[in-house]
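So that the names make sense, note that chain A is the first sequence line, chain B the second, and so on, each numbered from 1. Small disclaimer: the values here were computed from a predicted structure and weren't measured.
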2 protein chains.
Amino acid sequence: MNKKQRATLADVARRAGVSPVTVSRAIRHPDMVSEELRERIDEAVKKLNYIPNHLASALASTRTHIVGVIVPSLTNGVFDDYLGAIQDVLNPAGFQVLVLNVRYSEIEEEKAIQTLMGYHPEAMIVAGVDQTPRSLDLLRHAGMPVVQTMDVSGAPIDLNIGLDHEAAGAAAVRHLYELGHRKIAHLTARADPRARRRHAGYQRQMAAYGLSTEGLVGASPRPSDVAMGGELLDEILAQVPDVSAVFTCNDDLALGTLFECQRRGLRVPDDIAIVGFNDLDFCVAAVPTLTSVSIERQQMGRWAAESILEIIRGSGKRPKQTRVDVGFSIKARGSTAATRKPARKKG
Amino acid sequence: MNKKQRATLADVARRAGVSPVTVSRAIRHPDMVSEELRERIDEAVKKLNYIPNHLASALASTRTHIVGVIVPSLTNGVFDDYLGAIQDVLNPAGFQVLVLNVRYSEIEEEKAIQTLMGYHPEAMIVAGVDQTPRSLDLLRHAGMPVVQTMDVSGAPIDLNIGLDHEAAGAAAVRHLYELGHRKIAHLTARADPRARRRHAGYQRQMAAYGLSTEGLVGASPRPSDVAMGGELLDEILAQVPDVSAVFTCNDDLALGTLFECQRRGLRVPDDIAIVGFNDLDFCVAAVPTLTSVSIERQQMGRWAAESILEIIRGSGKRPKQTRVDVGFSIKARGSTAATRKPARKKG
DNA sequence: TCCCCCATTGATAGCGCTTCCAATGACCGT
DNA sequence: ACGGTCATTGGAAGCGCTATCAATGGGGGA
């Protein structure tokens with residue numbers, strides 16, 4: 001660790017015997033500088049280990065080339081795929097993605113938006129549509145493109161891509177109903193707004209079928225993990241021993257449910273059918289394979305990033321499409337395969 | 001989206017009828033400003049929705065309050081816990097963590113380090129000790145504290161906290177050997193340097209026991225996922241049908257292995273024992289529960305962050321300890337429970 | 001009562017870079 | 001040979017903020 005300050009543009013200029021402006025140009029628009037100087041400058045850059053100061057450059061040009069992204073979690077593969085897609089579009093275009101993880105906390109999200117704005121990003125991508133009034137206000141007056149993803153409820157701030165979680169929850173119930181299930185449980189961990197909508201969809205569809213949900217909803221305030229799936233299933237079984245299917249708010253809980261069934265000797269899907277949410281990679285590997293609601297997380301990320309580029313490059317022109325519902329699809333697998341007959345109890 | 005520029009310090013000053021310096025002070029050192037002015041300024045800040053420009057402030061003060069963190073992946077819970085711990089220390093101290101995910105690519109890592117340095121972070125935390133020569137050079141001359149985490153091999157650049165993956169790999173083998181296993185397989189996905197060391201430890205320990213590893217190593221160049229665990233187990237079984245135990249380079253593969261056993265009707269641990277790595281949350285939920293090598297990812301993150309704060313606050317003084325081996329521990333669970341007797345084949 | 005000290009506020013000078021415009025000289029056509 | 005054009009290069013100003021030091025005035029001690 002040498003204590004000497006990092007080299008600046010001026011240092012490079014001095015060493016190459018040119019003016020600072022020329023160095024700046026040689027780096028950003030090499031074709032505007034004669035070959036001779038360019039080489040001399042490149043050499044000086046190497047020699048001095050010069051790395052442009054992004055803060056100074058951003059300040060002077062009022063172009064930060066930063067896009068702020070707020071995610072509520074990094075614990076599962078969902079946001080990894082999503083972020084990956086965003087970066088794959090933005091990085092090659094010369095933009096840096098600044099990610100803040102707010103761990104499903106509205107207060108952290110408010111702070112994160114504020115922090116992010118301090119960096120003057122050129123656009124912002126936030127997950128969900130349920131920001132606090134203060135957050136909404138900040139975003140609305142941010143003076144930059146804002147994309148809300150993952151959800152399509154309500155009136156978007158600006159651009160919006162997502163899916164209808166209420167419909168997805170209802171569809172999961174429908175899937176099970178059509179397979180003959182009537183006692184359908186719902187398990188949900190610390191419920192973010194989207195999980196809550198899925199729950200609402202479950203309730204609505206159950207009601208539409210005239211089915212009671214009493215004793216069939218297992219909820220925990222803790223963040224979800226696999227073990228919780230088992231715990232919540234325990235609770236349900238204690239109240240409704242003949243529950244025949246479980247729809248969980250995410251795949252972790254689905255996996256935990258599957259394990260708990262194995263532990264108890266309940267056959268899946270014969271005794272209990274399971275539907276998860278997100279369609280993470282382990283769904284196809286599990287035994288039996290897990291039915292899950294698949295969502296287009298990569299597409300959401302890609303679209304958000306591409307729309308932003310379009311706006312920035314088009315100097316503010318709005319893209320023709322500002323709102324997209326990417327839908328969802330139920331990947332029907334082993335955990336909801338048609339069963340020959342009710343095999344347990346009361347059959 | 002209003003197009004008008006964001007308010008600046010000067011705008012606030014004008015509105016409050018004070019000088020810009022006073023506004024700056026009122027925001028950063030409120031107790032240095034009289035109550036009356038402070039109130040007037042606060043009001044102006046609110047009214048104008050003023051958010052300090054972090055870039056300008058960092059440039060002027062040469063304090064960015066940024067700590068750069070490079071992670072090789074976000075796909076599993078490992079780096080989530082780690083990042084969470086880092087943020088929990090750094091954020092309250094007024095530092096912003098800038099995370100770059102390099103997806104296990106050395107080239108991306110090189111670029112990420114360069115990018116990060118453009119932001120003039122006050123410290124850097126990188127995962128692993130296997131940076132490219134160019135990366136090492138950049139980090140060594142970065143003129144800031146650098147913490148390498150997750151591994152302890154070789155000569156650290158600066159600070160270092162991690163564990164000995166070679167020893168961990170060997171310990172996993174020892175655990176299985178002592179339970180009577182002799183045909184111990186190793187499964188590994190796209191191998192980052194740490195996974196490679198675990199593999200080396202496996203090889204060393206097998207050799208120490210005089211055991212052959214022929215046909216017992218399943219490797220894939222693809223990034224790991226749960227399904228791959230099954231595929232690799234298939235390969236092993238094709239070559240060594242009487243394999244009795246499997247050590248995987250991570251828990252995803254372990255889970256996939258478990259599922260594959262279930263699919264094939266192989267009993268775990270009676271027919272095949274399994275040891276994973278990382279001890280992710282699902283290990284305790286699986287049936288049987290999965291034995292795994294537990295690592296102190298939160299502690300590594302916390303220590304890295306705390307050491308950085310210590311150095312920054314102590315104006316460069318080195319902490320007494322600059323290198324820590326946090327070790328590892330094998331969480332012995334159901335998947336390696338002692339079996340009564342060899343139950344399959346050749347028994 | 002006078003002076004010193006401290007608390008409060010402001011003026012000035014950059015941080016490292018880019019934008020904008022001017023200056024230079026080579027080359028061209030006529 | 002001369003004005004004009006283009007390709008290069010440099011100078012000056014300033015992005016929004018903070019560090020530094022100066023200026024102001026009130027209060028307390030001698």
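With dG10(C), dT9(D), dT9(C) as the candidates, the nucleotide lying closest to the side chain of V33(A) is dT9(D).
If you measure from atom CZ of R38(B) to atom P of dT9(C), you get 10 Å, rounded to the nearest angstrom. Following rounding to the nearest Å, R63(B) (CZ) and dT20(D) (P) show an atom-to-atom distance of 13 Å. The CE atom of M32(A) sits 12 Å away from the C1' atom of dC20(C) (whole-angstrom rounding). Atom pair R40(A):CZ and dT9(D):C1' shows a separation of 12 Å (rounding to whole Å applied).
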Using atom names, set out every protein N or O paired with an N or O of nucleotides 16-18 of chain D below 3.5 Å, distance rounded to 0.1 Å.
{"residue": "dG16(D)", "atom": "N2", "partner": "A56(B)", "partner atom": "O", "Å": "3.3"}
{"residue": "dC17(D)", "atom": "OP1", "partner": "Y50(B)", "partner atom": "OH", "Å": "2.4"}
{"residue": "dC17(D)", "atom": "OP1", "partner": "N53(B)", "partner atom": "N", "Å": "3.3"}
{"residue": "dC17(D)", "atom": "OP2", "partner": "L9(B)", "partner atom": "N", "Å": "2.3"}
{"residue": "dT18(D)", "atom": "OP1", "partner": "R28(B)", "partner atom": "NE", "Å": "3.2"}
{"residue": "dT18(D)", "atom": "OP2", "partner": "S24(B)", "partner atom": "OG", "Å": "2.3"}

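A salt bridge is absent between D137(A) and R140(A); no separation between the charged side-chain nitrogens and carboxylate oxygens falls under 4.0 Å. Checked for salt-bridge contact, E310(A) and K320(A) meet the test: a charged N lies under 4.0 Å from a carboxylate O. Using a cutoff of 4.0 Å between basic side-chain nitrogens and carboxylate oxygens, D151(B) and R194(B) are not scored as salt-bridged.
Taking both residues in full, the closest heavy atoms of L55(B) and N53(B) are given as N-OD1, 2.9 Å, listed atom of the first, atom of the second, then distance. Contact between V129(B) and S153(B) at its shortest, heavy atoms only, is CG2-O, 3.5 Å.
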Evaluate salt bridge (Lys or Arg N to Asp or Glu O under 4.0 Å) for D81(B) paired with R302(B), printing each intermediate quantity in order. CA-CA 10 Å; D81(B) 286 344; R302(B) 202 179 324 117; over 6 Å; no

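Taking side-chain N and O atoms only, S34(B) has a distance below 4.0 Å to OP1 or OP2 of dT9(C).
Side-chain contact annotation: Y82(B) with T149(B), donor-acceptor N/O pair under 3.5 Å present.
Remark: the backbone N or O of K111(A) is paired with a side-chain donor or acceptor of T115(A) at under 3.5 angstrom.
An end-to-end axis angle of 40° holds for the helix from dT1(C)-dA30(D) to dT30(C)-dA1(D), taken from five base pairs per end and rounded to 10°.
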